[in-house]
Amino acid sequence: MDPRQRMIVGTIWIAVAALMATTLEPSVPSSAGEIARLFVVALALFLAAVYLLDPWEIVSRKPFQ
């Protein structure tokens with residue numbers, strides 16, 4: 001992926017995390033649904049970091065090289 005495509009995908013994952021974060025309450029999660037929402041926010045932020053930073057060159061690497 002070129003840097004522009006990675007930036008777009010990373011921005012989309014940040015938007016997903018922000019949208020899901022608006023559904024969270026500012027207290028300790030007490031139900032399974034709230035824990036699942038918190039997990040989705042954390043996963044979206046992790047994927048955004050992978051696409052934006054590409055720390056292990058996973059995204060830049062072409063398959064079958």
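Keep in mind that the numbers below use all heavy atoms, side chains included, and drop hydrogens, waters and symmetry copies.
Contact detail for Val41 and Met20: the closest heavy-atom pair is CG2-CB, 3.5 Å. Taking every heavy atom of both residues into account, Gly10 and Ala48 meet most closely at O-CB, 3.7 Å. Taking all atoms of both residues into account, the shortest heavy-atom contact from Glu34 to Val28 is OE1-O, 4.2 Å.
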Might you work through the side-chain contact (heavy atoms from CB on, under 4.5 Å) test for Thr11 and Met7, ending with a clear yes or no?
CA-CA 6 Å; Thr11 305; Met7 182 73 72; 4.3 Å; yes
Can you check side-chain contact (heavy atoms from CB on, under 4.5 Å) on Glu25 and Ser30, steps first, answer last?
CA-CA 10 Å; Glu25 294 182 13; Ser30 59; over 6 Å; no
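With Arg37 contributing its side chain and Thr22 its backbone, the two residues share no donor-acceptor pair below 3.5 Å. When atom types are taken as modelled, the side chain of Gln5 and the backbone of Met1 share no donor-acceptor pair closer than 3.5 angstrom. At distances below 3.5 Å, at least one donor-acceptor pair connects side-chain atoms of Asp54 with backbone N or O atoms of Ile58.
Ile8 contributes atom CD1, which lies 11.5 Å from atom CG of Leu52 (distance to the nearest 0.5 angstrom). The distance from atom CD1 of Ile14 to atom CG of Leu19, rounded to the nearest 0.5 Å, is 13.5 Å. Going from atom CG of Leu43 over to atom CG of Leu38 covers 11.5 Å, rounded to the nearest 0.5 Å.
Note on Trp13: it clusters hydrophobically with Phe46, by side-chain heavy-atom contacts below 4.5 Å among ILVMFWY residues.
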